[in-house]
Amino acid sequence: MSKIALVFPGQGSQFVGMGKELVTQSAAAKHIFDQADAALGFSLSALCFEGPDEELKLTANTQPAILTMSVAVLAALKEKQPVIKADFVAGHSLGEYSALVAAGALTFEDAVKTVRLRGQFMESAVPAGQGAMAAVLGMERDALQTVCAEVTAGGNPVQLANLNCPGQIVISGSAEGVKLAGEGAKAAGAKRVLPLNVSGPFHSSLMEPAADRLKEVLAGIAISEASIPVVANVSARPVTGAADIATSLVDQVASPVLWEDSVAWMAEQGVTTFIEIGPGKVLAGLIKKIAPGDVKIYSVQDAESLAELLDGGILC
């Protein structure tokens, strides 16, 4: 029997104007943005709708903004289709919080406050300029792991951070470590190494101070058992229990995002339809490179794409 997975994007999918049109057509979506503004104490909605882009790109703003947009799209969907047939949920890095809200494990208010702090913790964990990230294209993970291990052993920490899809892996660590690993990757046959414009070495061991601070925050939040299995970034396997969810969220900050493995595992379990909920189409593009060619992939981020999904009767 075919199965459905709802997937939620992470940092990098944001854009100025996201949600602006949606809230004029969905009271449920508007309520989510209003909730975010109230919870955070400033107008996140204005930042999403009007920018400026340089403010929206700041990690401490981007994370609650993408979460809010994703949950608002989900709310608009539920407004039209109250019962959604989903067998799994998953999110890329930050998107895992959206997935947990969708599964009922976190309230939206707790989630948006937490990711705001998460972004602040990640920004402050490493002084500006000391960390870096780069996308390595056209190289197998084992070979890249060997390169990173050799550089790290030489005193410049760097590791695999995002295993996005075959041939696309992001590395993260000290600025010197990422530079040396990029050079080593090219020498070992990588097609391209692209430095990323990010504010810190996310999903690397250098984020452990941020993980420690996040652990304290999560200890004060009520996490419920997930009503839908959440495929965790750190293991590419489902979690449902509150304790396991909390552990996964803490570990995720300084551990690789196993997105390729997560999508492949869901496909192996019989998922034939992936629905990306939130801004952009980044995950749809990655899933096309991971899952079998006959899977159906949808991206929902506005009233038009929402109507197309519902007209197709996918969730009935």
- Task: Indicate yes or no for a side-chain donor-acceptor contact from Asn61 to the backbone of Leu56 under 3.5 Å, with no hydrogens or angles considered.
- Result: no
- Task: Find out whether Ser199 and Glu123 are in side-chain contact, i.e. whether some heavy atom of one side chain is under 4.5 Å from a heavy atom of the other.
- Result: yes
- Side-chain heavy atoms of Asp37 within contact of Ser45, under 4.5 Å: yes
- Message: With heavy-atom distances below 4.5 Å as the criterion, would you say the side chains of Glu21 and Gln25 are in contact?
- Response: yes
- Member of Val89, Leu249, Val234 meeting the side chain to side chain contact (heavy atoms under 4.5 Å, CB included) criterion with Glu96: Leu249
- Message: Would the distance check show the side chain of Gln269 and the main-chain N or O of Ala267 forming a donor-acceptor pair, the cut-off being under 3.5 Å?
- Response: no
- Message: Looking at Leu310, is its backbone amide N or carbonyl O close enough to the side chain of Lys80 to form a donor-acceptor pair, meaning the two atoms are under 3.5 Å apart?
- Response: no
- Does the side chain of Thr59 pick up a donor-acceptor pair with the side chain of Gln11 at under 3.5 Å? yes
- Message: Please check this pair: side chain of Glu109 against backbone of Ala39, looking for a donor-acceptor N/O pair closer than 3.5 Å.
- Response: no
- Under 3.5 Å, is there a donor-acceptor pair between the Ser248 and Asp251 side chains? no
- For the pair Thr152 (side chain) and Val158 (backbone), establish whether a donor and an acceptor sit closer than 3.5 Å, ignoring hydrogens and angles. yes
- Donor-acceptor pair, side chain of Ser124 and main chain of Gln120, under 3.5 angstrom: yes
- Under 3.5 Å donor-acceptor, Ser227 side chain and Ala103 backbone: yes
- Query: Is there a side-chain contact between Ile287 and Val7 (heavy atoms, below 4.5 Å)?
  - Reply: yes
- Item | Any side-chain heavy-atom pair of Met207 and Val126 under 4.5 Å | yes
- Query: What do you reckon, is CG of Asp311 surrounded by more than 12 foreign heavy atoms closer than 6.0 Å?
  - Reply: yes
- Please examine the side chains of Val112 and Gln35, heavy atoms only from C-beta on, and report whether any two atoms are closer than 4.5 Å. no
- Message: For Ile66, is there any backbone N or O sitting under 3.5 Å from a side-chain donor or acceptor partner on Gln14?
- Response: no
- Taking the side chain as every heavy atom from C-beta outward, state whether Leu6 and Ile228 have any pair of such atoms under 4.5 Å apart. no
- Task: Could you tell me whether the side chain of Tyr97 reaches within less than 4.5 Å of the side chain of Gln63, counting heavy atoms only?
- Result: no
- Message: Could you tell me if Asn162 and His92 have a donor-acceptor pair between their side chains, going purely by distance under 3.5 Å?
- Response: no
- Task: Determine, for Glu260 against Lys289, whether the closest basic-nitrogen to carboxylate-oxygen distance falls under 4.0 angstrom.
- Result: no
- Taking the side chain from Asn233 and the backbone from Ser93, do they hold a donor-acceptor pair closer than 3.5 Å? yes
